[in-house]
Amino acid sequence: MPRLHLVTTGGTIASRVDPRTGAAVPAVRAEELVAEVPALGKIAELAVTEFCLESSWNLGPERVASLARAVRDLQASPEVAGVVVTHGTDTLEETAFALDLLLDGDTPVVLTGAMRDASTAGGDGPRNLVSAARVAVDPAARGLGVLAVMNDEIHAARYVMKTHTTALGTFASPGAGPLGAIDGEGVRFHARPARTPPLPLAPPAPRVYLVKMAAGMDDLLLRALLDARADGVVIEGSGAGNVCGSWEGAIGDLVQAGIPVVLSSRCPGGRVTPTYGAPGGGRRLRDLGVIAAGALSGPKARLALMFALGAGLDAAALRAYLARFAG
Ligand code: ASP
C-alpha cells in the first residue's frame with residue numbers, strides 16, 4: 001500500500017461543540033481524527049503529524065511558512081506517496097496557495113477540511129478526508145501543485161475560493177473550474193493548472209496590507225499605510241482593477257516611497273487589465289507604477305507579495321513574477 005502522511009492543523013474538521021458554551025472549538029487530536037475514519041486504512045498506510053490545533057483565521061503566513069518547511073521535508077522522503085493537510089476552511093485557500101508558491105516537489109499535497117464539525121449530524125469531514133487521501137496517493141495528482149479536495153471536487157490552490165459561509169459545496173474555482181472529481185470509480189482529472197516556478201522559502205515580509213475598494217471611500221487607509229511605512233499594499237479594486245479616483249495621489253505617493261502597490265480585483269473570476277482611463281481607472285494605475293496581480297484574489301496577491309518580498313525580489317522581479325499569475 002502507498003504511504004500517506006497526514007498533517008493536521010485544526011479547523012472545523014477537528015472541532016466539537018463545547019457543551020458549556022455551545023460554540024464549536026478545535027478539540028479533536030490528530031490520532032483521534034484518524035481513528036474516526038477507518039476507511040483511510042484501506043487507501044494507504046498512514047503516518048500522522050499534528051502541526052497545530054487552531055482555527056484557520058488564526059494561522060498567518062509565518063505559521064504557514066513553517067508548515068511549508070514541514071511539508072517540504074515530507075515531500076523529500078521517497079517513501080511518502082502523498083501528503084494530506086487538514087485545515088479550517090475559512091483560510092484554506094490562503095494556506096494552499098502559499099504552499100503552492102513555496103513547494104517544488106512532485107509529491108501530491110492535498111488540503112481538505114469540513115464544513116460541519118465532528119459533533120454535527122451529517123458531518124462531511126470523514127468523506128472529505130477519504131477523498132483527499134485517494135487524490136493524494138493517485139499518480140495522476142503528481143506535479144499538479146497543491147490541491148484542495150472538498151465535496152468530491154479537486155481544485156487547484158491557485159484558483160480555489162470559499163464561496164459560501166455554510167454550504168458543503170462551498171469551494172469553487174471561479175473563472176477556471178475544478179481540475180477533477182472523485183466518485184465511486186476513482187479519481188478523475190480533466191484539467192491541469194498553470195504553474196509558477198517556486199519562490200525560495202524565506203520568512204514572509206510581515207507588514208503587507210489588503211485594502212478593499214468600495215465606491216466613494218476616501219484614501220485614509222492608504223495614507224495611514226504610507227505613514228506607517230508598510231512593506232507593501234494590495235488593493236482589491238472593482239471590476240478589471242479600478243479604484244476611487246481620489247486614491248490616485250496616495251497610490252502615487254506609496255509608489256514614490258518605494259512601497260509596492262499591487263492590484264487585484266474584488267471580482268471572484270478573471271484577471272485585472274489596464275483598460276480604463278478615467279480617474280482611478282486601471283490604465284492610470286498602471287502608469288502610476290501599480291503592479292497587476294493577474295487573476296489572483298486580494299488575499300492570494302497579498303501572500304504572493306509577502307513571500308516574494310521575503311525572498312528578496314526587487315521591483316522589476318516582483319512585476320515579472322506577478323505577471324505570471326495572469327491565467
Ligand atoms: N469554519 C472554519 C472551518 O470550516 C473554521 C476554520 O476555518 O478554522 O474549518
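Atoms considered below: every heavy atom in the structure, side chains included; atoms not considered: hydrogens, waters and symmetry mates.
Placement of Leu288 and Ile235 within a single hydrophobic cluster is found when ILVMFWY residues are connected by side-chain heavy-atom separations under 4.5 Å, directly or transitively. Transitive grouping of hydrophobic side chains (ILVMFWY, heavy atoms separated by less than 4.5 Å) brings Val243 and Leu222 into a common cluster. Clustering ILVMFWY residues whenever any of their side-chain heavy atoms sit less than 4.5 angstrom apart, transitively, puts Ile259 in the very cluster that holds Val290.
One N or O on the side chain of Glu93 and one on the backbone of Lys162 form a donor-acceptor pair closer than 3.5 Å. Not a single donor-acceptor pair under 3.5 Å links the side chain of Ser173 to the backbone N or O of His155. Between the side chain of Lys300 and the backbone N or O of Val160, at least one donor-acceptor pair lies under 3.5 Å. A donor-acceptor pair under 3.5 Å is absent between the side-chain atoms of Thr112 and the main chain of His87, judged by distance alone. Not a single donor-acceptor pair under 3.5 Å links the side chain of Ser265 to the backbone N or O of Ser238. Put simply, the side chain of Thr170 gets close to the backbone of Thr163: a donor and an acceptor are under 3.5 Å apart.
For the atom pair Ile251 CD1 and Asp219 CG, the distance stands at 9.0 Å (nearest 0.5 Å). Rounded to the nearest 0.5 Å, atoms CG (Leu99) and CG (Leu147) are 11.5 Å apart. How far CH2 of Trp247 is from CZ of Arg284: 15.5 Å, rounded to the nearest 0.5 Å. With rounding to the nearest 0.5 Å, the separation of CG in Leu263 from CZ in Arg271 is 13.0 Å. How far OG of Ser56 is from CD of Glu94: 8.0 Å, rounded to the nearest 0.5 Å.
Leu313 forms part of a hydrophobic cluster together with Phe97, Leu101, Leu102, Leu199, Leu201, Val208, Leu210, Val234, Val262, Ile291, Leu296, Leu303, Leu305, Met306, Phe307, Leu309, Leu318, Tyr321, Leu322, Phe325, judged by ILVMFWY side-chain heavy-atom separations under 4.5 Å.
A side-chain donor-acceptor contact under 3.5 Å links Asp117 and Thr120. Ser77 and Arg3 are not linked by any side-chain donor-acceptor pair at a separation below 3.5 angstrom, with hydrogens and angles left out of the test. Side-chain contact annotation: Asp218 with Ser246, donor-acceptor N/O pair under 3.5 Å absent.
Arg72 has no carboxylate O lying under 4.0 Å from a charged side-chain N of Asp104, or vice versa, which leaves the two without a salt bridge. A salt bridge links Arg29 with Glu50: at least one charged nitrogen is closer than 4.0 Å to a carboxylate oxygen.
Across all their heavy atoms, Leu40 and Ala133 have their closest contact at CD2-CB, 3.7 Å.
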Problem - Derivation of the salt bridge (Lys or Arg N to Asp or Glu O under 4.0 Å) call for Arg266 and Glu236 - result: CA-CA 5 Å; Arg266 64 186 200 181; Glu236 251 190 23; over 6 Å; no
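The 12-atom threshold is not exceeded at CD of Gln256, counting heavy atoms of other residues, nucleotides or ligands nearer than 6.0 Å.
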